Amino acid sequence: MSDSKYQQCINPNCRANFGIEEILFSCPKCSDLIDVQYEWDKQEVPNQLSWFEQRWAKRCAPLDYSGVWRFRELLPFCPTEHCVTIGEGQTLLQQNDEVGLYAGCEAGRLHLQYEGLNPSGSFKDNGMTGAFSHARMVGAKHVVCASTGNTSASMAMYAHSCGIKCSVFIGSGRVAYGKLSQALDFGAQTIQIVGDFDDCMRQVKRVAKEQNLYLMNSLNPFRLEGQKAIMYRVLEGLRWQVPDWVIVPGGNLGNSSAFGKAFAELHQLGLIDRIPRLAVINATGANTLFDLHENRNLRFNNGHVDSPAIDDYYRKLNETGYKPHTLATAIEISRPVNLKKCLRALEICNGLVREVSDEDILSAKAIVGRYGLGCEPASGASVAGLKLLLAEGIINPDEKVVCILTGHQLKDPNITVNYHKDNQGEFSNRPLEVENDMTAIIKALKG
Ligand code: F0G
């Protein structure tokens, strides 16, 4: 065991340490979540973020080309010979005044971080490159995950490129076709469970433990190490300036957790001088985090989370037979596995949580589509959340904001086509049906 990098339980009453090569998805002593930790004074970390720019030019060096591993000094858990990359993280930060105007920002203030450009079309590739590197390091033979679609697509893509067997658990009927088609195409063994994501998550945790399989959900701390790189690229896109706000949709809460860790570490290392505020956006039909954080005042409390309150909340969900429901199926989750780490991120980033309706999500998604980068419904939640926070006066129009667009427009074409074809919202763009006749076509063109 190399002691300058290790795994550690996040519970301050436990804080048990484990070797970096152990395969753990919860603390064996107290069942809490696990972090990857570094003794930074024993790592070689550059003293300025702009140092990383020298790697931009090296397209022939796969790890320098990767939008994750070019920051490898900031996630130094893995010897480079084990690092897996398929060119993830070639994403872009786009300043977008039209979308900003829709939300209520002043010109020049809104940036969209477009993670749909990853090889499998979502931000998940940032995490998978981290977790697969660890999986290879420890010789995993069979990887599994539960998924609302994107995790399975990404895991299947990496598994097939690493030659590792993979099985995905999905809720039947709850995965958008773009994502399901990817998992099938990449050759994943696809197990459709009669149930929703939360049912799949519960089963996959049990099966992975029982069968010694390597779990690829964001409970896996090495996934979150990779997802920190999304924030490094945001800073890079802003020429290393820290934005005022980062806004991200919340599902299983891996991204928000990773972002909080990234900023805490950069601040600790003296690489940034302040930490941006974080807004996590739930769909109203899957709003556990919103309800717990905003209505019931649940806080990280320096690690002393009121766990009985969470257990009680989940017990009531069970008793009432509550099932989450949102058109943004990617975030249709009521028992987010990273809840405590997300609370920690909210504490680090002076963050807050909001819920937005499906209608607002679809409007924001349509605006993102019309004015530049298309995205899938869950990603629209970040722009809908921005609009709400501006209307509430919590975000000022002159503040610099980054909305994370987590997944590509083509992930869920059914939602998009139905929205436009059936005139479902104020930004619907209905196709015109005309006779197979030139006069009729010209009339339609002029209409
Ligand atoms: N946006 C998209 C497009 C997603 O696929 C997900 C999660 C989220 C946002 C939420 O991110 O879990 O880090 O809070 N998708 C998971 C999946 C759950 O299985 O693909 P989170």
Side-chain angles (χ1 to χ4, degrees), residues 113-118 120-128 131 144-157 168-171 174-176 178-180 182-183 188 190 196-201 204 215-220 223-224 226-228 230-231 246-261 278-283 286-290 324 326-339 341-343 345-346 353 356 361 364-365 368 374-385 403-412 415:
Q113 174 67 17
Y114 189 40
E115 289 298 310
L117 284 179
N118 274 293
S120 79
S122 86
F123 75 88
K124 302 286 177 181
D125 297 351
N126 293 283
M128 287 299 163
V144 282
C145 73
S147 183
T148 56
N150 281 325
T151 300
S152 57
S154 179
M155 179 181 90
M157 178 182 258
V168 308
F169 291 22
I170 57 175
R174 300 309 305 164
V175 171
K179 307 173 189 183
L180 180 58
Q182 289 179 291
T190 303
D196 62 11
F197 174 83
D198 296 310
D199 299 316
C200 293
M201 192 69 233
V204 82
L215 186 63
M216 281 290 172
N217 282 100
S218 50
L219 274 176
N220 181 324
R223 273 263 319 263
L224 302 195
Q227 286 171 220
K228 292 190 307 192
I230 302 170
M231 289 303 104
V246 172
I247 309 186
V248 65
N252 228 2
L253 306 179
N255 253 348
S256 43
S257 301
F259 298 174
K261 187 169 190 279
L278 179 69
V280 184
I281 313 299
N282 275 167
N287 65 353
T288 297
L289 178 70
F290 172 76
T326 165
L327 288 174
T329 50
I331 51 175
E332 192 181 65
I333 295 173
S334 66
R335 292 164 179 76
V337 296
N338 285 300
L339 177 61
K341 283 189 181 174
C342 175
L343 293 172
L346 291 166
V353 187
V356 289
I361 286 175
K365 175 193 166 302
V368 171
C375 66
E376 67 165 284
S379 314
S382 56
V383 173
C403 284
I404 312 299
L405 300 182
T406 45
H408 200 282
Q409 184 182 39
L410 298 177
K411 288 283 192 173
D412 195 347
I415 291 268

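Quantities reported herein were computed from a predicted structural model and do not represent experimental measurements. Keep in mind that the numbers below use all heavy atoms, side chains included, and drop hydrogens, waters and symmetry copies. Counting starts at 1 for both ligands and their atoms, in listed order.
Taking 4.5 Å as the limit, some side-chain heavy atom of Val337 sits within range of a side-chain heavy atom of Ser218.
Applying the side-chain contact (heavy atoms from CB on, under 4.5 Å) test to Ala156 and every residue at least two apart in sequence or in another chain returns Cys166, Phe186, Ala188. Every residue two or more places apart in sequence or in another chain was checked for a side-chain hydrogen bond (donor to acceptor under 3.5 Å, both in side chains) with Thr148, and none qualifies. For Ser382, there are no side-chain hydrogen bond (donor to acceptor under 3.5 Å, both in side chains) partners, not counting sequence neighbours.
To the nearest 0.5 Å, atom NZ of residue Lys179 and atom OG of residue Ser122 are 7.5 Å apart.
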With the criterion set at N/O pairs under 3.5 Å, what does the list of contacts between the protein and ligand 1 look like, atom names and distances included?
residue  : atom   : partner : partner atom : Å
ligand 1 : 1 (N)  : Thr406  : OG1          : 2.7
ligand 1 : 5 (O)  : Asn150  : ND2          : 2.8
ligand 1 : 12 (O) : Asn252  : N            : 2.7
ligand 1 : 12 (O) : Leu253  : N            : 3.3
ligand 1 : 13 (O) : Gly254  : N            : 3.0
ligand 1 : 13 (O) : Asn255  : N            : 2.8
ligand 1 : 14 (O) : Gly251  : N            : 2.7
ligand 1 : 14 (O) : Asn252  : N            : 3.3
ligand 1 : 14 (O) : Leu253  : N            : 2.7
ligand 1 : 15 (N) : Lys124  : NZ           : 2.9
ligand 1 : 15 (N) : Thr148  : OG1          : 3.4
ligand 1 : 19 (O) : Ser147  : OG           : 2.8
ligand 1 : 19 (O) : Thr148  : N            : 2.8
ligand 1 : 19 (O) : Thr148  : OG1          : 3.3
ligand 1 : 19 (O) : Thr151  : OG1          : 3.0
ligand 1 : 20 (O) : Ser147  : OG           : 3.4
ligand 1 : 20 (O) : Thr148  : OG1          : 3.4
ligand 1 : 20 (O) : Asn150  : N            : 3.0
ligand 1 : 20 (O) : Thr151  : N            : 2.8
ligand 1 : 20 (O) : Thr151  : OG1          : 3.1

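For the residue pair Lys411 and Gln182, a side-chain donor N or O sits within less than 3.5 Å of a side-chain acceptor on the partner.
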